[in-house]
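Below: the structure, in C-alpha cells.
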Amino acid sequence: MRLSALHLQVLGEVQRAGSMAGAARTLGVSPPAVSQQVARVESELGAAVVNRGSRGASLTELGAALARHGRAITEQVDAASEASDRLLGKHARRLRVGALSSTVQPILADALATIRLRHPDSELSVVEVGSDTGVELVAQGSLDLALVAGYDSSPFHEGLAIREVSVDELLLVVPDDHAVARSGDSTVDLRRLEHDAWVSGAPGRRHRTQLDSLAAGFDFVPRVAFETESFEVAQALVSAGVAVAVVPATARRTLSGVRHCRITGDPARVLYAVTAHNVNHLPLAEPMLAAIRQTARESSANWRAAQ
C-alpha cells in the first residue's frame with residue numbers, strides 16, 4: 001500500500017487528541033470517517049496502528065512512527081497556508097504580539113489601546129512569553145512581534161530584526177523599615193544586603209540569572225529564600241517584610257511597606273522589539289512599534305518624576 005498524506009495526518013491527529021473522536025473534531029470530519037481511514041491503513045499494512053480502549057485511543061509503535069510524519073506534514077501545510085495568506089494580504093489587519101508579563105500593564109496595554117483607537121478594525125492578540133520563547137515564536141511565524149528583555153547582551157536570531165525599545169532601570173526593593181530605607185541614601189551598594197533573604201526566580205531562569213550576575217558585581221552570592229517569576233509577587237513578599245528583591249522600573253508597584261531604591265552603577269535591562277526583517281505584509285507592525293516606544297518613554301518619565 002502506498003500511504004497517503006491524509007492517512008499520516010489522521011494518525012498524527014489521533015495521537016495528538018488521544019481519541020478517534022478528538023481527531024475527527026480537529027479534522028472536521030465524522031468519527032466513523034476517521035475509524036474508516038485507520039482501518040484501511042491497518043488492513044493494507046496487515047498490522048495494528050491504533051490501540052482502541054474505553055478511555056480513548058493510543059498508537060502502537062508502528063502508528064507512532066507514522067504519526068510523526070503526519071504531524072510534520074500538517075505543520076508544513078499550516079506554514080504554506082500562512083505564507084499564502086500573507087502574500088495575498090489576508091492578515092493585513094492582524095497583529096499577534098508576545099510580551100514579558102512585566103511589560104504588559106505598564107507598556108503594552110497603552111500601546112494596544114492606541115492602535116485600537118487609530119485602527120478600529122484591527123485584529124490584535126497578545127500572549128505572555130519569556131524572552132527566549134518570544135524570539136523563537138517570531139522565528140517560527142507564530143507571532144508577528146515580541147517584546148523581550150536583554151540584560152548582559154541583546155537577543156539574536158538570524159533572520160529577525162531586533163530593535164531596542166527602551167532602557168529599563170533595575171531597582172532595589174526593600175521593606176520601608178529596612179536599614180537601607182531608613183538611611184535615605186540616593187543609591188544603594190548591594191553589598192549592604194548580602195546577608196538578607198532575597199526573592200527571585202528559580203536557578204537558571206532569567207530573573208535569577210540577572211540577580212546572580214548583578215550580585216557578583218558586588219562580590220557576593222544572594223541567599224534566595226523565595227522563588228517566583230512574578231515581579232508583582234516578589235514585591236508583595238517584600239511588602240510582607242520577609243525578603244528584598246531587584247525589579248525593573250516598569251514593573252514597580254506602589255505597595256504599603258515598600259521602598260524602591262536606585263542601585264549603585266544604575267544597572268538596567270534593555271527592552272527589545274523582535275520582528276521579521278520584512279514587515280511590509282503587516283501594516284500594523286510599525287505603528288505598534290511606535291506606540292510601544294512612546295508608552296515606554298512615558299513609563300520611564302513617570303518613574304523619574306516619582307523620585
Taking all atoms of both residues into account, what is the closest heavy-atom pair of Gly201 and Glu227, and its distance? O-CG, 4.2 Å
Are Glu298 and Gln294 linked by a side-chain donor-acceptor pair shorter than 3.5 Å? yes
Residues Asp189 and Thr264: side-chain donor-acceptor under 3.5 angstrom: no
Polar side chain donor-acceptor pair, Ser102 to Arg269, under 3.5 angstrom: yes
Same apolar cluster (I L V M F W Y, side chains within < 4.5 Å links), Ile115/Val126: yes
Val104-Val270 co-clustered via ILVMFWY side chain contacts under 4.5 Å: no
Are more than 12 heavy atoms from other residues, nucleotides or ligands located less than 6.0 Å from atom CD of Glu61? no
Asp219: which residues meet the side-chain hydrogen bond (donor to acceptor under 3.5 Å, both in side chains) condition with it, sequence neighbours left out? none
Would you indicate whether the side-chain heavy atoms of Arg259 and His178 approach each other to under 4.5 Å? no
With salt bridge (charged side-chain N to carboxylate O under 4.0 Å, His left out) as the criterion, how do Arg206 and Asp132 come out once you've worked through the C-alpha distance, each side chain's angles and the decisive distance to 0.1 Å? CA-CA 9 Å; Arg206 277 180 173 259; Asp132 295 335; 2.8 Å; yes
Are any of the side-chain nitrogens in Arg205 or Asp212 under 4.0 Å away from the carboxylate oxygens of its partner? no
Could you check whether Glu194 pairs with Arg191 (Lys NZ or Arg NE/NH1/NH2 to Asp/Glu carboxylate O, under 4.0 Å)? no
Should Leu8 and Val10 count as side-chain neighbours, where that means a heavy-atom distance under 4.5 Å? no
Proximity of Phe231 and His207 rings by center, below 6.0 Å: yes
